[in-house]
Amino acid sequence: MQAELCATSGAVMNLLLQAHASGLGACWMAGPMIARDEICAVLNIAEPWRMLGAVAVGYPVLPLPEAKPRKALGKVVEWYDGISSNP
């Protein structure tokens, strides 16, 4: 199950990024898992497939806000060139 969750997490992250890049709104939801058995029956999801969540995708009612400028790399990253002798 751990490998499935890791692979699904990566795939959904890429789906959400592509949806955003395409001007779509998207959200990964765990709430529908409460009705997993009913949803699987309606969507005909059977073994070996397993539902791990749901992704809502659609066009936003309002335009997406402008992206904020990124901070300079030096303000958010600290580089270490060796292993410190202090724990």
Do you know the tightest heavy-atom contact between P32 and A54? CG-CB, 3.9 Å
Sorted by chain and number, sequence neighbours left out, side-chain contact (heavy atoms from CB on, under 4.5 Å) with C27 holds for M29
Close side-chain approach of C40 to R50, heavy-atom, < 4.5 Å: no
Please report the interatomic distance CD(E38) to CG(L43), rounded to the nearest 0.5 Å. 11.5 Å
State yes or no: do M51 and V55 share one hydrophobic cluster built from I, L, V, M, F, W and Y residues joined by side-chain heavy-atom distances below 4.5 Å, directly or via other members? no
Cluster question for you: counting only ILVMFWY and a side-chain heavy-atom cut-off of under 4.5 Å, with indirect links fine, are L62 and Y59 together? no
Can you tell me how far the CD1 atom of I39 sits from the CG atom of N44, to the nearest 0.5 Å? 14.0 Å
Please set out all donor-acceptor pairs under 3.5 angstrom arising from side-chain atoms of residues 7-22, sequence neighbours excluded.
{"from": "T8", "atom 1": "OG1", "to": "E4", "atom 2": "O", "distance (Å)": "2.7"}
{"from": "S9", "atom 1": "OG", "to": "L5", "atom 2": "O", "distance (Å)": "2.8"}
{"from": "N14", "atom 1": "ND2", "to": "G10", "atom 2": "O", "distance (Å)": "3.3"}
{"from": "Q18", "atom 1": "NE2", "to": "S22", "atom 2": "OG", "distance (Å)": "3.0"}
{"from": "S22", "atom 1": "OG", "to": "Q18", "atom 2": "O", "distance (Å)": "3.0"}

